Amino acid sequence: MPTNGLHQVLKIQFGLVNDTDRYLTAESFGFKVNASAPSLKRKQMWVLEPDPGEGTAVLFRSSHLGRYLSAEEDGRVACEAERPGRDCRFLVLPQPDGRWVLQSEPHGRFFGGTEDQLSCFSTAITPAELWTVHLAIHPQAHLLSVSRRRYAHLCPREDEMAADSDTPWGVDALVTLIFQNRQYCLKSCDSRYLRSDGRLVWEPEARACYTLEFKAGKLAFKDCDGRYLAPVGPAGTLRAGRNTRPGKDELFDLEESHPQVVLVAANHRYVSVRQGVNVSANQDEELDHETFLMQIDQETKKCTFYSSTGGYWTLVTHGGIQATATQVSENTMFEMEWRGRRVALKASNGRYVCMKKNGQLAAISDFVGEDEEFTLKLINRPILVLRGLDGFVCHRRGSNQLDTNRSVYDVFHLSFSDGAYQIRGRGGGFWHTGSHGSVCSDGERAEDFLFEFRERGRLAIRARSGKYLRGGASGLLRADADAPAGVALWEY
């Protein structure tokens, strides 16, 4: 499979939370650090880098400043160093409860404190020196075994998760990281949790919770017995092995999970490449040949469609559409026009893609009619996590409303019907719009929302009023935005 951005390892950014539930923050003014922030925003994001020299020391770089955390011999800490020096080297000491202790490598003292009273001068580990790792990336991704170069996916027949897939194709390859009680769970696409013995369970019990560890930019998952998840046996079943130290077999990459979609034409049949290179609307069921990976170019906002046979849709002679391109080019880019519950696609020749009488797709139309409209369905987000500019979407405590500025997130369940989506939250209640644009999560009946995929990794959600859902200063989710931009775009 050509790369072309299809397989992109996520840069692991994270926050560090102290014992009083405040995040380590790098301030621009004076390059000072404190632990005062109650939530994970830009100033609270850090990247772990290996020390250029030999040894086990690591560096903490502020994503916000691009500078390195340092600790002097007298315990003073700052985030001022543009290049890592001796004082920037730390040892990470994982604790049994999953938290980290940061020890200055050259000085041997421990880093901790509260508010603006942070130092690296303690000779003993107390609760003030304990830090919880909170990933700042979007938690829905693909999990790649470093040693086997295979993707983890749900195996419904065997009732397990296995790292044996060459490509992360279909809904089964979606993994959602759930952060709770200072640890992480791995949630499969059917909302079950992976236990360390390889079983899938419905509740996040103790043996389904893992401590995150980083090694050379990779992730390892340590269970409550101190053993690490790894693909085991010929089938690559994911479960904790015997190792109490992470080697190559225990390391994983997280890769971006691009939207995978199916399209239905006006003849009510699925667009497919099952019968050859021509893209045609001629199938009655949605399987791999009817599933396409959709990527949106960040500059042009045009999209590509990549097939399971290993080719991009491309415009060919006389307006035909074939799934034969191995590289992204102008002819593989399509402009999407959102038309309520339907979408129209305009090819690089300036014409709309239509379904011909024999079912084949061709970009030969100057106007949009029934044959130029398609139903587009997102298939690899049966469970949904949304993040806006200010944070994640989460139920507001003691209310039926939804916050949009949280560090933690809720997982919502998604269903689809005739070009629209229904969103179900905690307790089974449906999202619905109330008075004055409010969005509530306790509906007894499903309300339709329209998804518009506007940017790479971001969508707009349109309510029945025609307004878009947005975050804002109030921190509440509202359906009152006129345009699908800014606070009305959601990472999914």
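All values reported here derive from a predicted model rather than from experimental measurement.
Just one residue in the list Lys43, Gln44, Lys41, Lys32 forms a side chain to side chain donor-acceptor pair (under 3.5 Å) with Thr25, and that residue is Gln44. Only one option out of Tyr492, Tyr409, Phe412 pairs with Phe392 in a ring pair (Phe, Tyr, Trp, His ring centres under 6.0 Å); it is Tyr409. The only member of Phe90, Phe214, Trp131 that meets ring pair (Phe, Tyr, Trp, His ring centres under 6.0 Å) when paired with Trp100 is Phe214. Tested against Tyr421, the residues Phe449, Phe451, Trp431 include a single ring pair (Phe, Tyr, Trp, His ring centres under 6.0 Å) partner, Phe451.
In summary, Arg456 and Asp297 do not engage in a salt bridge, as defined by a charged side-chain N under 4.0 Å from a carboxylate O. The existence of a salt bridge linking Glu213 and Lys222 is confirmed by a sub-4.0 Å separation between a basic side-chain nitrogen and an acidic carboxylate oxygen. Salt-bridge check for Glu205 with Arg207: failed, with every basic side-chain N at 4.0 Å or more from each acidic carboxylate O. Using a 4.0 Å cut-off between a side-chain N of Lys or Arg and a carboxylate O of Asp or Glu, Asp448 and Arg464 do not qualify as a salt bridge. A salt bridge links Asp190 and Arg192; the closest N-O separation between the charged side-chain nitrogens and carboxylate oxygens is under 4.0 Å. Remark: Arg406 does not engage Asp390 in a salt bridge, criterion side-chain N to carboxylate O under 4.0 Å. Look at Asp51 and Arg89 and you find a salt bridge, because one of the NZ, NE, NH1 or NH2 atoms lies within 4.0 Å of a carboxylate O, short of that distance.
Judged as a ring pair (Phe, Tyr, Trp, His ring centres under 6.0 Å), and not counting sequence neighbours, Phe31 has no contacts.
Taking CZ of Arg83 as the reference point, atom CZ of Arg67 lies at 12.0 Å (rounded to 0.5 Å).
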Evaluate side chain to side chain donor-acceptor pair (under 3.5 Å) for Ser438 paired with Gln401, printing each intermediate quantity in order.
CA-CA 8 Å; Ser438 64; Gln401 294 182 301; 4.8 Å; no
Might you work through the salt bridge (Lys or Arg N to Asp or Glu O under 4.0 Å) test for Asp403 and Arg396, ending with a clear yes or no?
CA-CA 6 Å; Asp403 285 323; Arg396 173 164 285 195; 2.7 Å; yes
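Of the N and O atoms on the side chains of Asp116 and Asn34, not one donor lies less than 3.5 Å from an acceptor on the other residue. Inspection of the Ser257 and Gln140 side chains reveals no N or O donor paired with an N or O acceptor under 3.5 Å. Looking at His436 and Asp480, their side chains never bring a donor and an acceptor atom within 3.5 Å of each other. Using modelled atom types and a 3.5 Å distance limit, the side chains of His64 and Arg42 yield a donor-acceptor pair.
For Tyr151 and Trp169, the distance between ring centers is not under 6.0 angstrom.
Sequence neighbours left out, not one pair with a member in residues 460-490 passes ring pair (Phe, Tyr, Trp, His ring centres under 6.0 Å).
Counting heavy atoms from C-beta outward, Leu69 and Val33 have side chains that approach closer than 4.5 Å. Side-chain contact between Arg150 and Pro231 is absent, with no heavy atoms from C-beta onward closer than 4.5 Å. Leu238 places a side-chain heavy atom less than 4.5 Å from the side chain of Leu194.
Tyr184 places a side-chain N or O within donor-acceptor distance of the main-chain N or O of Leu135, the cut-off being under 3.5 Å.
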